[in-house]
Protein chains: 2
Amino acid sequence: MSAPAKTSDRKICEAVRNLLEGGGERSLSMQKIASAVGIQAPSLYKRFAGKSHLLSAAARGALVEMAELLGNPAGAGKTYESLERMGHLYRKFAKKNPRTYALIFSEAMVAREDLLRARQAAAEPMLALLRPAVGKDAALNAARMLVSYLHGFLSMELARTFRFGGNVNEAFQYGLTKTLDALLEEKAQHG
Amino acid sequence: MSAPAKTSDRKICEAVRNLLEGGGERSLSMQKIASAVGIQAPSLYKRFAGKSHLLSAAARGALVEMAELLGNPAGAGKTYESLERMGHLYRKFAKKNPRTYALIFSEAMVAREDLLRARQAAAEPMLALLRPAVGKDAALNAARMLVSYLHGFLSMELARTFRFGGNVNEAFQYGLTKTLDALLEEKAQHG
DNA sequence: ACCTGAACACCGTTCAAGT
DNA sequence: ACCTGAACACCGTTCAAGT
């Protein structure tokens, strides 16, 4: 007789996110994940081939959330304002899910081919805004510049690298404005 | 009778760098570090309070190298060209020491107060160029923008996040040029 | 079908003991 | 003073066995 499942992949991914945000990577042992969903560690291997597959599933969920957040066309308007809003949403997501954000960009997760699609989907809203604004050829370079700024700023902010004084919110806005100005220089002015 | 030391802190730091660049974090166990310098793992605790102290010593060495590289005034000239050269040197260092670079920016290392000074010293050459160019008040914001771009780009490049085609060298130059243009807009023009 | 206890080869770290 | 063997409490993972 088939025993009923005690848990689900979805619950396991939720547990991963909660443990991660709650206590960092050292709270994220297979034992602790298993006990959070009421099973034993070896049972996790019936569902995921290994820890990195399990983390990948959690990371994919987060990338989907991010794609939805950034792709949400609430208040569609000028390119500049849309990109600015997107920058702030990006930061909001990262600050709300700091360890998950770090997981997404961790070397182990970036190496996982099964996350490529989700990554591409999360990058698409930005590319879609940039393509008509800077041209199809420059859009990839432009997106890489903007996301480099955003990711660099956020990973340093989340790791608490900004400690020499100054206002961090203001610094983010300063860099975002200048980055967008540079990208869209000859296009519609803002403000 | 005092037994002669079998190794030195300096050799241990070298071993850390070599193991790190050679095989990533999973080659970096206390046992492997110890055996690389010809001692047993417990002996490392006579020299360093724990693994993170040991890594911190290695990270400090790398930060000093970086400060020297970026602070080297070879070819002092216009601010724009100097910052551009600095950007390329920054990338060169990161690409030559990818795992060490990642270590420097790892959460564990950023949290270490004993690295603050070395971090500040590595950031100083950029601030020194920006202060007269954008004014003392804006220099911190400007440095944060530039280093966010550089760190974001490099951490994504090193993690192999840039996989959707395009020329990565060209993308770096594109973003660097636009970032510097934005920072120094009303100042001396370049080329 | 689903879950587990016991085991394996590792970790970082401690400490009493050797020289 | 300097180094080590043995031990401790953990890891991720495997696998035969239970229901």
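What you are looking at is a predicted structure, and each value in this text was computed from that prediction instead of being measured. The basis for the numbers below is simple: all heavy atoms, side chains too, and nothing from hydrogens, waters or symmetry mates. Lettering of chains follows the sequences in order, A, B, ..., and the numbering in each one begins at 1.
Taking the charged nitrogens against the carboxylate oxygens, B:R10 and B:E14 do have a contact shorter than 4.0 Å, which makes a salt bridge. At a threshold of 4.0 Å, the pair B:R131-B:E124 counts as salt-bridged, since one of the basic side-chain nitrogens sits closer than that to a carboxylate oxygen. Salt-bridge annotation for A:R144 and B:E170: absent, with no side-chain N of the basic residue lying under 4.0 Å from a carboxylate O of the acidic one. A salt bridge does not link A:E65 to A:K96: none of the charged side-chain nitrogens sits closer than 4.0 Å to a carboxylate oxygen.
Near-neighbour residues of DNA chain D inside residues 12-22 of chain A, defined by a heavy atom below 4.0 Å, are absent.
Partners of B:Q31 by side chain to side chain donor-acceptor pair (under 3.5 Å), not counting sequence neighbours: none found. Judged as a side chain to side chain contact (heavy atoms under 4.5 Å, CB included), and not counting sequence neighbours, the contacts of B:H53 are B:F48, B:A49, B:R112.
In this structure, A:Y149 and A:F172 have parallel ring planes: the angle between them is below the 30° cut-off, well short of the 60° mark.
At D:dC10, none of the side-chain N or O atoms of A:K32 fall inside 4.0 Å of OP1 or OP2 (strictly under the cut-off).
With A:E21 contributing its side chain and A:T100 its backbone, the two residues share a donor-acceptor pair below 3.5 Å. Listed for the B:S82 side chain is a donor-acceptor partner under 3.5 Å among the backbone atoms of B:K78.
In this structure, a donor-acceptor pair under 3.5 Å is present between the side chains of A:N169 and A:R91.
Among the heavy atoms of the strands, none lies under 4.0 Å from B:I33.
Side chain of A:K6, nearest nucleotide from D:dC11, C:dG12, C:dT4: C:dT4.
Remark: DNA chain C forms stems of 3 or more consecutive Watson-Crick or G-U wobble pairs, all pair distances under 3.5 Å, at C:4-8 with D:12-16, C:12-16 with D:4-8.
Screening residues 89-128 of chain A for ring-ring contact (aromatic ring centres under 6.0 Å, His included), with sequence neighbours left out, gives A:Y90-A:Y101, A:Y101-A:F105, A:Y101-A:H151, A:F105-A:H151.
Atoms CD (A:Q40) and P (C:dG5) sit 5 Å apart, rounded to a whole Å. Separating the CZ atom of B:F48 from the P atom of C:dG12 is a distance of 15 Å, rounded to the nearest angstrom. Rounded to whole angstrom, the span from the CG atom of B:L44 across to the C1' atom of C:dG12 amounts to 11 Å.
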All N/O pairs under 3.5 Å across the protein-nucleotides 13-16 of chain D interface:
from: D:dT13; atom 1: OP2; to: A:Y45; atom 2: OH; distance (Å): 2.6
from: D:dT13; atom 1: OP2; to: A:K51; atom 2: N; distance (Å): 2.9
from: D:dT13; atom 1: O5'; to: A:Y45; atom 2: OH; distance (Å): 3.0

